[in-house]
Amino acid sequence: MKYDNKPTVSDRLREEAFDFKLLEQAKNYALDYMGNILNQPVFPGQEALQRLHAFIEPLQDGPSNPYDILENLHLNGSPCTVAQTGGRYFGFVNGGIVPVALAAKWLSDSWDQNAGLYVISPIASVLEDVCEKWLVDLLHLPSETAAGFVGGSSTATLCGLAAGRNYLLEQQGYDVAKKGLFGAPEIRVILGEGAHSTVYKALSILGLGSERLLKIPADNQGRILTEAVPELDNRTLLILQAGNVNTGAFDDFSALCRKAKDAGCWIHVDGAFGLWAAASQELGYLVRDVDLADSWSVDGHKTLNTPYDQGIILCRKRDALTQALHMTGSYIIYSNHRDGMLYTPDMSRRARSVELWATLKSLGKKGVSELVEDLHHKAVYFAERLAENGFTIHNKVWFNQVLASLEHSELTGKMLSLIQSSKECWCGGAKWGNHSVIRISVCSYRTTYGDIDRSVNTFIEAREKVLGDTPQQI
Ligand SMILES: *Cc1c(COP(=O)(O)O)cnc(C)c1O
């Protein structure tokens, strides 16, 4: 190949890599965004959304100026975000962002570490180890419990159920990793009818089907009816829930885990946002005996307020987890230290343990407990204020979720549309029993009691408008 001195793309990028002004500019835009967040519409209005057209274009041939790229993102991208880091976003179950975790993420983004193996990143490996120990302690799980750091609870659940499926089949003398599911002994999957959709997704990926599941009816809070659970055995994968995505309710772990444990089931707990109750004195009663389970999935990016991309699979049997996710290759160098890829489906992965570590270090045990309780107290207050003002509340506020409505579903739907376009606050909707409801999730430390009062006013104004627009008041 002929070598000439024409500058290449690498030459240009190398030059940009030392242009620290570019990063200063990014910092200025970020600070501008964060400084304005409390004034920004909670959901972008139509005129802001028009800006998204700036991004819809064919990829050009040549390079673009890095300053122009950043400016485009800030001018046209920042206004089209939802103000999730403000105090009045109550949609889905999302969280805020602990300040030092954001700062640590900025720093570690500049490291660009691959957390796959100790030899690729000693710091990522050690922080994963430390976080594993801290989480086990904080959540009062069995001391031998292993943790894998993945993108979210969807993946964490997939890992826990893969470990459980393989373990149960191994107990039947069947190696599913080698022989596949064809001709495997049957195992049974039991879950509550209120299980999260990501559990169904994980089961279908794992070849456990959706029509073959045994769905146990739930009570009016979404909790498994304990007495409806059939005889259990050691061929059963039992999936329980800490925090129903609508009501926030918890299954009765004391009754169910004891029974399942005695029978030799594998018990997985989807605790995406609710497992954090285990870190609180006041709310710990909700997860009594949850430590009897075999695997637990939980998110950092909801209740704990870490940045996104922070799911954790916790598994009592370390070998069951690593064997389910194992891979080999002659160039892979396992060490005597922690090799993160053994605990996740990914090989290359960013060092997400940095932000988790920074969050836990920032809060301490007491801080996590206070944060969880504070979100609960604010959710209770939100529900009380709505009830005082004549709204119907459909759940007991177990944790941080509130379901509210008007008396008639159709009017609730109209009211929700007005709230969502109000720019003042944002909530999602759901069906609960026969009712259309508004789902409120209090997940961020940024939410103040003042934010809740302001949001309740938005609810009241929306109701007035809906009732005013409705000719005969029903
Ligand atoms: C959010 C949630 C999930 C999915 O978690 P992701 O982090 O979004 O993948 C699963 N179960 C419950 C109960 C949840 O609230």
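Counting convention: from 1, in listed order, for ligands and their atoms alike.
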Part of Ser153 with heavy atoms under 4.0 Å of ligand 1, whether side chain, backbone, both or neither: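 For Ser153, backbone and side-chain atoms both sit under 4.0 Å from ligand 1.
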
Ligand 1 versus Phe92: contacting region, heavy-atom distance under 4.0 Å: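 Contact part for Phe92 vs ligand 1: neither.
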
Any donor-acceptor N or O pair under 3.5 Å, side chains Thr81, Gln40: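 Result is yes, a qualifying pair exists.
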
contact_flag Gly243 ligand 1 heavy-atom lt 4.0 Å: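 Gly243: in contact with ligand 1 (<4.0 Å).
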
Nearest neighbour of atom 11 (N) of ligand 1 from the list Val199, Asp299, Asp270, on a heavy-atom basis: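 Looking at heavy atoms only, Asp270 sits closest to atom 11 (N) of ligand 1.
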
Of all pairs that satisfy salt bridge (charged side-chain N to carboxylate O under 4.0 Å, His left out), the ones with a partner from residues 241-262, not counting sequence neighbours: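 For residues 241-262: Arg258-Asp289.
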
Any Tyr308 side-chain heavy atom under 4.5 Å of Ile97 side chain: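 Not touching, per the 4.5 Å side-chain cut-off.
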
Sole residue of Ser121, Ser125, Ser353 in side-chain hydrogen bond (donor to acceptor under 3.5 Å, both in side chains) with Gln113: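 Exactly one pass, corresponding to Ser121.
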
Check ion pair Lys378-Asp451 (N to O, under 4.0 angstrom):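 No, Lys378 and Asp451 are not salt-bridged.
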
Result of checking Phe382, Trp426, Phe43 against Phe90 for ring pair (Phe, Tyr, Trp, His ring centres under 6.0 Å):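 Looking at Phe382, Trp426, Phe43, the match for Phe90 under the ring pair (Phe, Tyr, Trp, His ring centres under 6.0 Å) is Phe382.
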
As an exercise, identify every atom of ligand 1 less than 4.0 angstrom from a heavy atom of [X].
X      : answer
Lys302 : 1 (C), 2 (C), 3 (C), 4 (C), 5 (O), 14 (C), 15 (O)
Phe273 : 15 (O)
Val245 : 15 (O)

Taking atom 9 (O) of ligand 1 as the reference point, the nearest protein heavy atom with its distance: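 Ranking protein heavy atoms by distance from atom 9 (O) of ligand 1, first comes Ser154 OG, 2.6 Å.
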
